[in-house]
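Working notes, structure below.
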Amino acid sequence: MAIVGKKFPSVSIDAMSEMGDDLKINVFEEAVSKQSKVLLFWYPKDFTFVCPTELHAFQAALPDFEKRNTIVIGASCDTNEVHFAWLNTPKDNGGIEGVTYPILADTHRHLSNILGIVEQDVEYNEAGEEVFSGSNVTFRATYLIDETGKVFHESVNDMPVGRNVKEYLRLIDAYAHVQKHGEVCPANWEEGKEAMNANRTGVAEYLSAN
């Protein structure tokens, strides 16, 4: 279920800080109350393989997100206790020690089921009983949310495919340009490149120059 252009669900979820503090985080309220953009990224599972590379990549880019007034939040369906154990596992042992942004612990799959990003199928046997299949963890879903709580980007990768963190920085830059200048951003637009007016003249002028 696509939610681009809609408000992000206002749901409070357990979360873990890098200091071991149990938190409650409402992503929608984080955006609105702090007048910040939010990048929320879901990953399948703690103590796995592609996942720590992504968490470290977002951590390395944290100053770039902060320059763009963007809060980074990770999320999975693991518990706070498992998050904390992983946060205390050294990087050279597959851990995420050094990650400083909060991580949601959507253990009951409340928010992830609202978003429709859990890998789970439900069928019924001959007795009419529910039979579940699938990993019951989330795909690599990413949401960019603006200062009003509106989602302006969402994407979902299958579990084996890691994300490109730089692309989210580019998307934030593009959306901020639209907010500030009222122009639209063409294909492959990057900060500093030409944008265009959203009318026939604007696209004609852009295409003739590019």
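Shown here for Glu18 and Leu87, the closest heavy-atom pair between the two residues is CA-CD1, 4.1 Å. Contact record, Glu30 with Ile25: CG-CG2, 3.9 Å, taken as the closest heavy-atom pair. In plain terms, the two heavy atoms of Ile13 and Asp106 that are nearest each other are CD1-OD1, 3.7 Å. Residues Glu190 and Arg170 share a closest heavy-atom pair of CG-CD, 4.2 Å. The shortest non-hydrogen separation linking Pro44 to Ser76 is O-CB, 4.3 Å. Here the shortest heavy-atom pairing between Cys77 and Ser112 reads SG-OG, 3.9 Å.
At least one side-chain heavy atom of Leu111 sits less than 4.5 Å from a side-chain heavy atom of Pro9. The shortest side-chain heavy-atom distance between His153 and Tyr175 does not fall under the 4.5 Å cut-off. Considering only heavy atoms from C-beta on, Leu39 stays 4.5 Å or farther from Ile73 through its side chain. Within the 4.5 Å cutoff, the side chain of Leu144 has no heavy atoms near those of the Lys37 side chain. Counting heavy atoms from C-beta on, the side chains of Val38 and Phe8 never come closer than 4.5 Å. The shortest distance between side-chain heavy atoms of Ser17 and Ile103 does not fall below 4.5 Å. Put simply, the side chain of Val32 does not reach to within 4.5 Å of the side chain of Thr148, judged on heavy atoms. Using a 4.5 Å cut-off on side-chain heavy atoms (C-beta onward), Phe152 and Val4 make no contact.
Rounding to the nearest 0.5 Å gives a distance of 6.5 Å between CG of Asn69 and CD of Glu147. The CD atom of Glu194 sits 9.5 Å away from atom CE of Met196, with the distance rounded to the nearest 0.5 Å. Within the model, atoms CD of Glu66 and OG1 of Thr70 stand 9.5 Å from one another, a figure rounded to the nearest 0.5 Å. How far OG1 of Thr53 is from CD1 of Ile96: 12.0 Å, rounded to the nearest 0.5 Å.
Of the possible polar contacts, one joining the Ser36 side chain to the Lys34 backbone as a donor-acceptor pair under 3.5 Å is found. Remark: the backbone N or O of Gln120 is not paired with any side-chain donor or acceptor of Asn136 at under 3.5 angstrom. Between the side chain of Asp146 and the backbone N or O of Lys150 there is at least one donor-acceptor pair closer than 3.5 Å. In this structure, Trp86 contributes its side chain and Gly94 its backbone to a donor-acceptor pair below 3.5 Å. Using a distance-only test at 3.5 Å, with no hydrogens or angles considered, a donor-acceptor pair links the side chain of Ser33 to the main chain of Glu29. Within the 3.5 Å criterion, the main-chain N or O of Thr89 finds no donor-acceptor partner in the side chain of Asn93.
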task = For the pair Leu40 and Leu104, evaluate side-chain contact (heavy atoms from CB on, under 4.5 Å) and give the outcome as yes or no after the intermediate values.
result = CA-CA 9 Å; Leu40 172 66; Leu104 299 186; 4.0 Å; yes
Just do the side-chain contact (heavy atoms from CB on, under 4.5 Å) check on Glu97 and Lys91 with the steps written out, would you? CA-CA 6 Å; Glu97 186 177 44; Lys91 183 178 180 180; 5.7 Å; no
Chi angles and distances behind the side chain to side chain donor-acceptor pair (under 3.5 Å) call for Asp78, Thr107:
CA-CA 6 Å; Asp78 295 282; Thr107 310; over 6 Å; no
Test side-chain contact (heavy atoms from CB on, under 4.5 Å) applied to Tyr168 and Phe58, step by step:
CA-CA 10 Å; Tyr168 301 107; Phe58 280 109; 4.3 Å; yes
_Does Val50 form a side-chain contact (heavy atoms from CB on, under 4.5 Å) with Met159? I'd like the steps, not just the answer._
CA-CA 8 Å; Val50 176; Met159 294 177 194; over 6 Å; no
Check against side chain to side chain donor-acceptor pair (under 3.5 Å), Gln59 and Thr100: CA-CA 7 Å; Gln59 178 65 35; Thr100 60; 3.1 Å; yes
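When the shell of 6.0 Å around NE2 of His56 is examined, it contains more than 12 heavy atoms from other residues, nucleotides or ligands. Within 6.0 Å of atom NZ in Lys166, 12 or fewer heavy atoms from other residues, nucleotides or ligands are found, so the atom counts as exposed in its surroundings. Other residues, nucleotides and ligands contribute over 12 non-hydrogen atoms within 6.0 Å of the CG atom of Asp158. Around the CZ atom of Phe49, the shell of radius 6.0 Å holds no more than 12 heavy atoms that belong to other residues, nucleotides or ligands.
Leu23 and Phe84 fall into different hydrophobic clusters, where Ile, Leu, Val, Met, Phe, Trp and Tyr are joined by side-chain heavy atoms under 4.5 Å apart, directly or via other members. Note on Tyr143: it does not cluster hydrophobically with Leu171, by side-chain heavy-atom contacts below 4.5 Å among ILVMFWY residues. Taken together through direct or relayed side-chain contacts under 4.5 Å among Ile, Leu, Val, Met, Phe, Trp and Tyr, Phe47 and Met16 form part of one hydrophobic cluster. Cluster membership for Ile117 and Ile145, using ILVMFWY side-chain heavy atoms within less than 4.5 angstrom, is shared. No continuous path of ILVMFWY side-chain contacts below 4.5 Å connects Phe41 to Val137, so the two sit in separate hydrophobic clusters.
With sequence neighbours excluded, the residues forming a salt bridge (charged side-chain N to carboxylate O under 4.0 Å, His left out) with Asp173 are Arg68, listed by chain and number. Scanning for side-chain contact (heavy atoms from CB on, under 4.5 Å) contacts around His181 gives His177, Glu183, with sequence neighbours left out.
Lys24 and Asp14 are joined by a salt bridge, as a carboxylate oxygen and a charged side-chain nitrogen come within less than 4.0 angstrom of each other. A salt bridge links Glu54 with Arg163: at least one charged nitrogen is closer than 4.0 Å to a carboxylate oxygen.
Under the side chain to side chain donor-acceptor pair (under 3.5 Å) criterion, the residue pairs touching residues 39-51 are Tyr43-Asp46, Asp46-His83, with sequence neighbours excluded.
For the residue pair Glu119/Ser135, the side-chain donor-acceptor check at 3.5 Å is satisfied.
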